[in-house]
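Notes follow the structure.
One is the number of the first residue; the rest follow in order along the sequence.
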Amino acid sequence: MVRDDEKRMMMMMEQEQEEEAVPAWLSKLMGERFFGECGAHQNLRKNDKNVLCLRCCLSLCPHCLPLHPHHHPLLQVRRYVYHDVVRLGDLEKLIDCSNIQPYTINGAKVIFLNERAQSRSSCRGGTGNSCCSCDRILQDPFHFCSLSCKVDHMVYEGERLSSILHRFDESDFSFSQFEGLRVDSSSELVDEDNTQFAPNGSCSNTDATASNSVISCEANRNKNKTKTKSKSNGFFHSLGSRRKGAPHRAPFC
């Protein structure tokens, strides 16, 4: 009887440890450095790894997809300003994304996978709502700026991750979801629309200001480059089209 009780206790402890452990796909999603060069397709263009197989816990590039088992669930990772994001509609099928501030890119809400570096002045100057993990300024009523911040906070507080994990339907992440998508110049599988980025809700927080300033700076920089190029081309064109007359020599004395 004692041995049976010990076995039951051991099984219960193992079960609790499994429930508390971070699933392999979630650990890979938060720890992987996406958009790196695929080692299997180094000689091909647009070989950035931006798709995660939730079963194999492997990151794949667009050239890997036709070779990978099509019945495996696949999750697409997108990128904005060197940060990895996932569509809220996809991520919330896997895990509870409540209290994580979403943003809007290409007309769809997304969640940042990891916290973003910020200056100390922005942290100290914030007087409103902030992330419970990294102190980034947020809109009300959100408490986390990224998925990793929420997971890290729950682990630190001793909360069970099993309470926010969902049993997802693998058919929702099938290979067919990538049909109709193209590979753009930045090596990212994207929809046929223009990129737009804004926080969900009002644009009064620091993230909105920063992102808008980045967009406006890039637009002005491209505009200035176009003007400079057009002016320089016109300048050299005018020099090239100038015809010199026959040289006149001074008369011999």
Side-chain angles (χ1 to χ4, degrees), residues 18-35 48-62 64-66 68-80 83-116 131-133 138-139 141-155 159-182 188-193 195-201:
E18 291 178 357
E19 290 179 353
E20 295 301 322
V22 179
W25 66 265
L26 180 58
S27 179
K28 184 72 172 181
L29 182 62
M30 296 186 302
E32 177 71 1
R33 300 183 66 177
F34 292 97
F35 293 90
D48 292 347
K49 297 184 292 182
N50 61 343
V51 176
L52 175 67
C53 176
L54 299 175
R55 181 179 297 183
C56 301
C57 298
L58 295 175
S59 55
L60 309 171
C61 80
C64 296
L65 295 181
H68 199 74
H70 289 189
H71 62 279
H72 283 194
L74 304 173
L75 179 67
Q76 181 183 354
V77 178
R78 293 168 168 82
R79 171 159 285 199
Y80 179 79
H83 293 289
D84 299 334
V85 298
V86 174
R87 282 189 174 182
L88 175 61
D90 295 334
L91 194 58
E92 63 184 358
K93 297 176 183 177
L94 303 170
I95 189 171
D96 181 11
C97 298
S98 60
N99 297 324
I100 305 177
Q101 179 168 309
Y103 291 80
T104 301
I105 299 178
N106 290 341
K109 293 181 180 180
V110 300
I111 294 293
F112 280 88
L113 293 182
N114 298 287
E115 66 176 271
R116 292 155 287 157
C131 178
C132 295
S133 181
L138 302 175
Q139 297 177 0
F142 303 108
H143 302 310
F144 306 101
C145 69
S146 64
L147 175 64
S148 63
C149 283
K150 180 174 182 176
V151 173
D152 292 344
H153 180 76
M154 291 187 65
V155 172
E159 300 180 23
R160 292 186 176 182
L161 293 180
S162 58
S163 62
I164 63 173
L165 297 175
H166 301 320
R167 291 186 178 181
F168 60 92
D169 188 352
E170 292 190 354
S171 62
D172 293 335
F173 300 92
S174 62
F175 177 82
S176 60
Q177 67 177 306
F178 297 101
E179 297 177 0
L181 296 179
R182 62 180 175 82
E188 178 185 359
L189 288 173
V190 297
D191 298 301
E192 298 287 347
D193 52 6
T195 301
Q196 296 178 348
F197 178 87
N200 185 41

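- Using a 4.5 Å cut-off on side-chain heavy atoms (C-beta onward), Met154 and Ser163 make contact.
- A distance of 7.0 Å separates SG of Cys145 from OH of Tyr103, quoted to the nearest 0.5 Å.
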Exercise for the section: Decide yes or no on side chain to side chain contact (heavy atoms under 4.5 Å, CB included) for Asp48 and Cys61, but give the supporting numbers first. Expected result: CA-CA 5 Å; Asp48 292 347; Cys61 80; 6.0 Å; no
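- Taking all atoms of both residues into account, the shortest heavy-atom contact from Phe144 to Cys132 is CE2-CB, 3.8 Å.
- The line from CG of Leu113 to OG of Ser148 is 7.5 Å long, rounded to the nearest 0.5 Å.
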Exercise for the section: Take Cys56 and His68 through the test side chain to side chain contact (heavy atoms under 4.5 Å, CB included) and record every step on the way to the result. Expected result: CA-CA 10 Å; Cys56 301; His68 199 74; 3.8 Å; yes
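- For the pair Leu52/Glu32, no side-chain contact is recorded, criterion being any heavy-atom separation below 4.5 Å from C-beta on.
- When side chains are defined from C-beta on, Leu29 counts as touching Phe34, because their heavy atoms get closer than 4.5 Å.
- Between Leu147 and Ile111, the closest heavy-atom pair is N-CG2, 4.1 Å.
- Separation of atoms CD1 (Ile100) and CD (Glu92) is listed at 10.5 Å; rounding is to 0.5 Å.
- A 4.5 Å side-chain heavy-atom check between Arg78 and Ile105 finds every atom pair outside the cut-off.
- Between the Gln101 side chain and the Gln139 main chain, a donor and an acceptor come within less than 3.5 Å of each other.
- Closest approach of Pro62 to Asn50, counting heavy atoms only: CD-OD1, 3.9 Å.
- For the side-chain contact (heavy atoms from CB on, under 4.5 Å) with Val110, the lone residue among Asp84, Val85, Leu91, Val86 that qualifies is Val85.
- Closest approach of Pro23 and Leu165 over heavy atoms only: CG-CD1, 3.3 Å.
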Practice task
Carefully, step by step, assess Leu75 and Trp25 under the rule side chain to side chain contact (heavy atoms under 4.5 Å, CB included).
Solution key: CA-CA 10 Å; Leu75 179 67; Trp25 66 265; 5.8 Å; no
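- Between the Asp169 side chain and the Ser171 main chain, a donor and an acceptor come within less than 3.5 Å of each other.
- Considering OG of Ser59 and NZ of Lys49, their distance stands at 3.5 Å, rounded to 0.5 Å.
- At a threshold of 4.5 Å between non-hydrogen side-chain atoms, the residues His71 and Arg55 count as touching.
- Under the side-chain contact (heavy atoms from CB on, under 4.5 Å) test applied with Lys150, the options Cys131, Ser98, Cys97 reduce to a single match, Ser98.
- Using a 4.5 Å heavy-atom cutoff, the side chains of His153 and His143 are not in contact.
- Side-chain contact between Asn114 and Met30: present, with at least one pair of heavy atoms (C-beta onward) separated by less than 4.5 Å.
- Within the 4.5 Å cutoff, side-chain heavy atoms of Phe168 are placed close to those of Leu54.
- In this structure, NZ in Lys109 is found 6.5 Å from OG1 in Thr104, a value given to the nearest 0.5 Å.
- The distance from atom SG of Cys149 to atom CG of Asn99, rounded to the nearest 0.5 Å, is 13.0 Å.
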